[in-house]
Student: 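Mind looking over this structure? Questions follow.
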Amino acid sequence: MTNTLIDGLKERVSNAITINQSVGVILPGNNYSDLIQALFEHIHSRSEDVWVYVTITRPYESIFKQFGDLSSGGNIKFIDCISRAAGLPKIDPNCIFIESPAHLEKIIMEILNIFRNIGDNVQKYLIIDSLSSLLIYNDAQLVTEFFTHLTNRTRLSDIHSVSIAIEEEMSDNINKIIYLRSDKIIKLRESFI
Amino acid sequence: MSEGMVVSEGRITVEDVVCKTGIDELDVQLDGGIPVGNTVLMVGSSGSGKTTICMQFLANGARQGERGVFFTITEPLFKLTKNMQGFDFYDKKLIESGMINLIDLRIISERLGLDAEKYTVEDASALLEVLKDIADELNVKRLVIDSITALCYRLQTKEMIRDFIFKLGSSLAAMNCTTFLTSEVPPNEVKYSQYDIEEFIADGIIFLGDVDRSGDLIRTLQLIKMRGTAHSRIKSAMSISSKNGIELTPLLKSRA
């Protein structure tokens with residue numbers, strides 16, 4: 001049952017991200033873990049692409065514990081925006097730890113810095129996990145501006161993006177902007193299970 | 001044609017008229033770079049990144065073959081180099097080869113037999129002459145004085161400070177090198193200088209500040225003025241990292 005769900009999610013995300021430059025995924029909190037697993041399985045199967053995973057929802061350490069060393073494929077870099085702010089200082093060559101999830105500009109700088117060194121012939125993907133979690137630390141207008149600015153920059157740099165938003169954390173502003181700025185919206189319903 | 005332009009076989013190159021800081025986003029905001037020969041006031045409170053920007057400016061210039069000199073009056077040289085060693089832009093070879101010259105003005109003061117704590121007008125003029133001679137002799141294209149505030153602090157009266165600053169302005173204008181003067185101001189104040197006069201000899205002002213966001217301080221940089229170029233005036237978020245030195249990106253504005 002679970003495998004069917006994850007395979008289904010993987011297929012939907014995979015198809016959407018291949019065709020569209022900017023994909024928004026809106027889902028209930030219950031399905032969050034399934035989506036993350038589907039995403040990592042997809043990333044694992046795409047070793048020729050380069051991925052940057054920005055985590056605001058779970059510390060990098062927790063992802064590492066659950067999914068193992070995802071960096072062994074050499075195609076994924078993490079940006080952890082919450083560990084340092086939570087007093088969990090870590091040093092890991094595969095992860096950039098941002099001081100605070102309120103430092104949105106620094107997040108943009110680090111994303112672009114990683115992709116800057118990647119060749120033009122490589123497919124580049126960005127995952128924001130999640131836009132709605134940014135609302136815990138920032139006001140909605142600021143997150144809206146961040147997302148607008150980020151998608152402008154990623155489009156110019158040919159970076160595909162997957163932006164996750166958890167329904168229970170959503171505000172009207174984020175709902176509007178994710179619809180407005182994404183080429184494709186994947187909306188997961190519990191009935192999908 | 002503005003002073004400083006060089007016509008070579010009828011062609012003027014960008015490098016002849018602008019001095020690139022080497023900090024990409026800053027050069028974009030400056031419409032290419034700082035007009036050659038400008039004196040720029042680098043304003044900020046303690047810890048705002050003034051010295052780091054100045055050192056990166058010199059290091060980037062040295063890599064392009066432009067010799068630079070850094071006159072310090074606030075920090076001993078060993079401390080300055082120790083702080084810079086963590087940055088990728090810092091290369092000891094640039095100092096060893098003489099492309100970047102670090103000079104402690106307090107040592108020069110001592111050698112001139114000046115009182116290190118109090119300067120007379122004559123003392124300040126003598127120091128200025130030495131500074132000018134060093135710059136001429138080394139044929140420097142980039143010059144930093146860190147800081148003009150500490151230098152003026154040693155002068156006793158407002159009149160002496162004013163005279164010194166105007167003399168400094170004239171000397172710098174004659175040198176035809178691009179200069180950064182760091183200026184210390186109290187935190188959270190929109191003020192460009194301690195003595196309210198330094199900005200009058202400056203062709204440019206770069207203001208380093210902070211924005212409080214949910215209790216976190218975000219570093220900012222803003223170009224207030226730059227003669228001779230159509231520069232941006234947007235406020236940027238600034239990051240200082242060991243790998244990339246100074247980085248800028250437009251500051252997000254909360255309307256909440």
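Note on naming: letters A, B, ... go to the chains in the order of the sequence lines (proteins, then strands), and numbering restarts at 1 for each one. What's counted below: heavy atoms across the whole structure, side chains too, no hydrogens, waters or symmetry copies.
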Student: Testing the basics here: between Arg153(A) and Pro250(B), what is the closest heavy-atom pair and its distance to 0.1 Å?
Tutor: NH1-CD, 4.3 Å
Student: Would you mind reporting whether Ser241(B) and Lys106(A) have side-chain heavy atoms less than 4.5 Å apart?
Tutor: yes
Student: Does NZ in Lys187(A) sit with more than 12 non-hydrogen atoms of other residues, nucleotides or ligands closer than 6.0 Å?
Tutor: yes
Student: Find out whether Asn113(A) and Lys243(B) are in side-chain contact, i.e. whether some heavy atom of one side chain is under 4.5 Å from a heavy atom of the other.
Tutor: no
Student: Check this for me: Lys92(B), atom NZ, are more than 12 non-hydrogen atoms of other residues, nucleotides or ligands nearer than 6.0 Å?
Tutor: no
Student: Heavy-atom count around Lys184(A) NZ within 6.0 Å, excluding the residue itself: above 12?
Tutor: no
Student: Does atom OH (Tyr153(B)) have a neighbourhood of more than 12 heavy atoms from anything else shown, all under 6.0 Å?
Tutor: no
Student: Which atoms form the tightest heavy-atom contact between Ala102(A) and Arg213(B), and what is the distance?
Tutor: O-NH1, 2.8 Å
Student: Distance from Ile108(A) atom CD1 to Ser239(B) atom OG, nearest 0.5 Å?
Tutor: 12.5 Å
Student: Would you mind telling me which of Leu217(B), Ile218(B), Asp216(B) makes a side-chain contact (heavy atoms from CB on, under 4.5 Å) with Ser100(A)?
Tutor: Asp216(B)
Student: Should we say atom CG of Asp212(B) is surrounded by more than 12 heavy atoms from elsewhere, each under 6.0 Å from it?
Tutor: yes
Student: Pick out which of Thr144(A), Leu142(A), Thr148(A), Val143(A) makes a side-chain contact (heavy atoms from CB on, under 4.5 Å) with Leu252(B).
Tutor: Leu142(A)
Student: Given that the side chain runs from C-beta out, which part of His149(A) has a heavy atom under 4.5 Å from chain B: side chain, backbone, both or neither?
Tutor: side chain
Student: How many angstroms lie between atom CD1 of Ile136(A) and atom OG of Ser214(B), to the nearest 0.5 angstrom?
Tutor: 12.5 Å
Student: Taking the side chain as every heavy atom from C-beta outward, state whether Glu105(A) and Arg219(B) have any atom pair closer than 4.5 Å.
Tutor: no
Student: Within this structure, what is the CG-OG1 distance for the pair Leu104(A) and Thr249(B), rounded to the nearest 0.5 Å?
Tutor: 11.0 Å
